[in-house]
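All values below were derived from every heavy atom in this structure, side-chain atoms included, with hydrogens, water molecules and symmetry-related copies excluded. Heads up: numbering here begins at 1 and tracks the sequence.
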Amino acid sequence: MPFPFNPYRAVLRIRKVEISRAILLLLVTITLLLTNEWNAVKTIKPAVEYAEKQDKISEDQERIEQRQIERQKNLKDYCGRRVGNSKQGETVSRELLGHLIVNDKYKVIYCYIPKVACSQWKRVFLDLENRANVRDVHSKSNFKFLQKYSDEGVKMRLQSYYKFLFVREPFERLLSAYENKFVKRQWPWRYIWKLEKAIYNKFSDVDPSAGWNVTFKRFVYFLNDFGFNRDEHWAPYRRLCFPCDIEYDFIGHFKDMPEEAAYVLKKTGMDKEVIFPEFVTHNTTDKLLQKYAPVPREKITELAKAFEEDFEMFNFDFPGPLLSLLRDYLD
């Protein structure tokens, strides 16, 4: 017998269906709202991060440019006091411009100073020439030097190209040069042997227990006795880059290398093709104090006298990182 029709049950079923549809519609609506909100968040968040990043870049650039104003003023004041004023290399013989590397495409000139990340900067200039596979970055044949151009070519480039150099605290640079040559022995062995022999014959009574080894103390005695101009790795900046004769557009400091190298690359447009290689410095203040501690205090002050121009031109404090060693001596 057929089940009798119950109108109340039919209405109840219809209402259940309507409620289910309403709940489903509500859930769909909530889901869509949440999805749209999440998409909006995903859209807004990168925009906020980008704006914050641009603000940081702007702040960094402003800070770097303010440092430049101070460094340029200090150098100009020094040169005005000590050597007078000359314009764009007029007093420098072309043959002496052997540290100024030229890239004509980007119209830049870089004066390299050994032990101031010059290996990394030379690698940048090689990369610009699509020569990243070069093994010996220090070979002179790898680069175009300003001294190779005609007198007119030199004058034009000094007047119109973007010129930059990087400098380093003198005591730190000297220690780095010593370790590179006499500890890591990154020199032709004949030259090292010749220099070691000369230092031993003259200063064997300094650190007599060291035998033939060139200790840092012996090295300092050698430099104070024979002078600082015989090798580019410890020659004063004036004899390498002529900062009082050439008007550099940017004076970088080794301690600020990462951000200032990036600034120079962007300023010149070189960042379109290259990035600055990573580098690490190991000459901390503790290490400097350890290495200089055995050296007689009067010999350290002789070093400072030899590098006096470097300290003053680029506003490095004396005695800088060696203050705790020299405080009593200087008093």
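Ring geometry for F145 versus F143: interplanar angle over 60°, hence perpendicular rather than tilted (30 to 60°). Ring geometry, Y237 versus F314: the interplanar angle exceeds 60°, so the pair is classed perpendicular (tilted spans 30 to 60°). The aromatic rings of F250 and F166 sit tilted, their planes meeting at an angle between 30° and 60°.
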>> Please determine whether salt bridge (charged side-chain N to carboxylate O under 4.0 Å, His left out) holds for the pair R185 and E196, giving the CA-CA distance in whole Å, both sets of side-chain angles, and the decisive distance to 0.1 Å.
In response: CA-CA 11 Å; R185 305 180 74 80; E196 284 178 333; 2.8 Å; yes
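With F171 as reference, Y292 is the one residue of Y292, F316, F307 to meet the ring pair (Phe, Tyr, Trp, His ring centres under 6.0 Å) rule. For the ring pair (Phe, Tyr, Trp, His ring centres under 6.0 Å) with W121, the lone residue among F254, Y112, F276 that qualifies is F276.
For K115 and E232, the salt-bridge test fails: no basic side-chain N is under 4.0 Å from an acidic carboxylate O. Note on E62 versus R67: no salt bridge recorded, every NZ/NE/NH1/NH2 to OD/OE distance being 4.0 Å or above. Ionic pairing of D77 and K73 is present here: one or more N-O contacts between side-chain nitrogen and carboxylate oxygen are shorter than 4.0 angstrom. At a threshold of 4.0 Å, the pair D207-R218 does not count as salt-bridged, since none of the basic side-chain nitrogens sits closer than that to a carboxylate oxygen. Between D104 and R157 a salt bridge is recorded (basic side-chain N to carboxylate O distance below 4.0 Å). For E259 and R63, the salt-bridge test passes: some basic side-chain N is under 4.0 Å from an acidic carboxylate O.
Interatomic distance, CD of Q68 versus CD1 of I251, reported as 6.0 Å (0.5 Å rounding). Between the CZ atom of R94 and the CD atom of Q147 there is a distance of 8.5 Å, given to the nearest 0.5 Å. With rounding to the nearest 0.5 angstrom, the CG atom of N142 is 6.5 Å from the CG atom of D136.
By the 6.0 Å contact criterion, NZ on K287 is enclosed, its count of non-hydrogen atoms from other residues, nucleotides or ligands being greater than 12. By the neighbour-count criterion of 12 heavy atoms within 6.0 Å, atom CD of E298 is densely surrounded, having more than that number from other residues, nucleotides or ligands. Within 6.0 Å of CG in L289 there are more than 12 heavy atoms belonging to other residues, nucleotides or ligands. Within a 6.0 Å radius of NZ in K197, other residues, nucleotides and ligands contribute 12 heavy atoms or fewer.
Side-chain atoms of D231 and H233 include a donor-acceptor pair closer than 3.5 Å. Y106 and E273 share a side-chain donor-acceptor pair at under 3.5 Å. Between the side chains of S150 and E152, not a single donor N or O lies within less than 3.5 Å of an accepting N or O. In the model, R71 has no side-chain atom that pairs as donor or acceptor with a side-chain atom of N315 under 3.5 Å. Side-chain atoms of Y248 and Q72 include no donor-acceptor pair closer than 3.5 Å.
In terms of heavy atoms, R297 sits closest to L325 at NE-O, 3.1 Å.
E312 meets the side chain to side chain contact (heavy atoms under 4.5 Å, CB included) test with Y78, R81, R82, E308; sequence neighbours excluded. With sequence neighbours excluded, no residue forms a side chain to side chain contact (heavy atoms under 4.5 Å, CB included) with R190.
Under a 3.5 Å cut-off, the side chain of K140 and the backbone N or O of G98 do form a donor-acceptor pair.
At least one cation-pi condition fails for K202 and F222: the charged atom is not both under 6.0 angstrom from the six-membered ring centre and inside a 45 degree cone around its axis.
The stretch residues 106-175 participates, sequence neighbours left out, in these disulfide (SG to SG under 2.5 Å) pairs: C111-C241.
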